[in-house]
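To start, the structure under review is shown below, and the notes come after it.
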Amino acid sequence: MESTDVVIVGGGIAGSGLAAVLVRGGLKVRILEQSREFRDRVRGEIWAPWGAAEAAQLGLLDILTAAVGYHSHRFILYDPAIPVEDAEAGATDLALLPGIPGGLNMLHPEACQALLDAASGAGAEVLRGVDQVSVTLAAGAGPQISYVVDDQPATVQCRLVIGADGRNSTIRRQAGIELEKDDATHLISGLLVDGLDGWPLDEDAFGTVGEVNFFSFPQGPGRCRFYICHPTSDTHRFAGPDGATRFLEAMATVCLPQAHLINAARPAGPCATYPAEDTRCPSPYVPGVVLVGDAAGYSDPITGQGLSMAMRDVRLVSEALLAGEDWSPSAFSHYASERAERMRRVRFTATIMATLFADFGPDAPKRRLQALGRMQQDESLSLWLASILVGPDAVPPSTFEDATLDALIAP
């Protein structure tokens, strides 16, 4: 039977990024990736500045930027009640961390492929088109993992299986790792758009107009990813063959100063809708298996923290594996505890973001403007928003207490 040090199931951003780091550290790694070609999943394209810093620390940021990643330099909140000139004067400069020019935007398939190529180039063994993955865990022996590739069955023995196979993780289910889930408070729809001639390349923006909480993230000249958060009761708002058209019509009504350019835009990918739910694994490991990225639980995407979280997972798990020969569950206790608190803080910020910007009741505009005014008057009430950019552990722990939300939305 073949053997290796680590088998990583899932060759996406977390899986390939981790493989590249581990191979550079001297470990033998095999990646099992189901897809033969990465496709647009309409999410997973935004590194906040703190996520870009994590990628830089891992030696992965240059790989991503070389694969047509674009740094955004400003983050702007637009609102119908705020004059455009005031909104732009209040833009957040995203060069917040040493050596990091801003946030990083790039298409998910291109990011996955860049990191997979880097892992392969460093020496990882990469198999694509893998199906029927099955993990066998036996006390006192390393895990075995069986799979089929090109209609040929194979089995490999390893010291550790890493589940990086996304939200619907097969490895998580087979290892019996519990996943807790909160109901979604809103839906998120997304669309990649071309034909936006003159669209600002280095500016991320968001805001709320009516029942549209919008986000825009440039992906290159004339190209942008748009997201719309909308009520859970509106499941089919952008469904069907004309869903992309209705999506663009909704985006053209928002309060972006360049929204008129959307009238000439055209879809460059699928229009998809998914629930903005929050999940977490109380313990993202069992003997012989560790989960990273979305497989270990994911937050409401309204804060755009998924890829930054994945980079932190990669760093902590790689540090544990490269620290020595002890790969027992105790080696991952720090990762588990840090991730649990990190997820709690990100969940808290998502709750505030959704309450202020993706709650579409009649009192929502007044509540939102009141909260923004209080954030201007009391800097401590804006630290939750800062944490999205600089990291959930870079602001005081008191930021993530119920008193913050209460102070923002109190009558």
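Just so you know, these numbers use all the heavy atoms, side chains as well, and skip hydrogens, waters and symmetry mates. Keep in mind that what you see is a predicted model, and the values were worked out from it rather than measured.
- Closest of all the heavy-atom pairs between Tyr227 and Val42 is CE2-O, 3.5 Å.
- Atom-to-atom distance recorded for Thr355:OG1 and Leu408:CG is 9.5 Å, nearest 0.5 angstrom.
- Using a 4.5 Å cut-off on side-chain heavy atoms (C-beta onward), Phe38 and Leu107 make no contact.
- Ring-plane geometry between Phe400 and Phe348 is classed as perpendicular, the angle between the planes exceeding 60 degrees on a 0 to 90 degree scale with a lower cut at 30.
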Check your understanding: Yes or no on ring-ring contact (aromatic ring centres under 6.0 Å, His included) for Phe206 and Phe75, after CA distance, side-chain angles and deciding distance?
Key -> CA-CA 8 Å; Phe206 79 110; Phe75 184 58; 5.1 Å; yes

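- Between Gln219 and Glu110 the shortest side-chain heavy-atom distance does not fall below 4.5 Å.
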Exercise for review: Show the numbers, then the answer: is there a salt bridge (charged side-chain N to carboxylate O under 4.0 Å, His left out) between Arg36 and Asp150?
Suggested key: CA-CA 11 Å; Arg36 293 191 179 277; Asp150 296 329; 2.7 Å; yes

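- Applying ring-ring contact (aromatic ring centres under 6.0 Å, His included) to His230 and the options Phe238, Phe214, Phe357 leaves one that passes, Phe238.
- Counting non-hydrogen atoms of neighbouring residues, nucleotides and ligands closer than 6.0 angstrom, the CD atom of Gln376 reaches no more than 12 such neighbours.
- Contact check for Pro275 versus Thr232: no side-chain heavy atoms found under the 4.5 Å cut-off.
- Shortest non-hydrogen contact noted between Gly163 and Ala295 is O-CB, 3.6 Å.
- In this structure the side chain of Leu316 reaches within 4.5 angstrom of the side chain of His334, judged on heavy atoms.
- Considering every non-hydrogen atom in both Pro301 and Ala276, the closest pair reads CD-CA, 4.0 Å.
- The side-chain heavy atoms of Cys158 and Pro143, taken from C-beta on, include a pair separated by under 4.5 Å.
- Using a 3.5 Å distance cut-off with no hydrogens or angles, the side chains of Gln132 and Ser134 do not pair a donor with an acceptor.
- In this pair, Phe247 and Phe226 present their aromatic rings parallel. The plane angle is below 30°, not in the 30 to 60° band.
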**Study point:** CA sep, side-chain torsions, deciding dist, call: Glu325, Arg159, salt bridge (charged side-chain N to carboxylate O under 4.0 Å, His left out)
**Key:** CA-CA 10 Å; Glu325 293 298 313; Arg159 294 181 61 192; 3.3 Å; yes

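- His71 and Thr65 share no donor-acceptor pair across their side chains, judged by distance under 3.5 Å alone.
- Ser72 is not listed as a side-chain neighbour of Phe217, based on a closest heavy-atom distance of 4.5 Å or more.
- Residues meeting the salt bridge (charged side-chain N to carboxylate O under 4.0 Å, His left out) test with Glu54, sequence neighbours left out: Arg312, Arg315.
- Residues Leu32 and Ile145 are in side-chain contact: their nearest non-hydrogen atoms beyond the backbone lie under 4.5 Å apart.
- Counting only heavy atoms from C-beta outward, the side chains of Tyr285 and Val317 never approach each other to under 4.5 Å.
- Between Arg246 and Glu249, no side-chain nitrogen of the basic residue sits less than 4.0 Å from a carboxylate oxygen of the acidic one, so the salt-bridge criterion is not met.
- Atom CG of Asn168 has 12 or fewer heavy atoms from other residues, nucleotides or ligands within 6.0 Å.
- Counting heavy atoms of neighbouring residues, nucleotides and ligands inside a 6.0 Å radius, atom CD of Gln144 exceeds 12 of them.
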Check your understanding: Going through the checks in order, is the salt bridge (charged side-chain N to carboxylate O under 4.0 Å, His left out) test met by Arg374 and Asp378?
Key -> CA-CA 6 Å; Arg374 290 173 177 175; Asp378 183 349; over 6 Å; no

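- At a threshold of 4.0 Å, the pair Asp165-Arg173 does not count as salt-bridged, since none of the basic side-chain nitrogens sits closer than that to a carboxylate oxygen.
- Side-chain atoms of Glu277 and Tyr298 include a donor-acceptor pair closer than 3.5 Å.
- With salt bridges taken as basic N to acidic carboxylate O contacts below 4.0 Å, one links Arg280 and Asp182.
- No option in Leu196, Val193, Leu192 other than Leu192 meets the side chain to side chain contact (heavy atoms under 4.5 Å, CB included) test with Arg223.
- Residues Val395 and Ser387 approach most closely at CG2-CB, 3.9 Å, considering heavy atoms.
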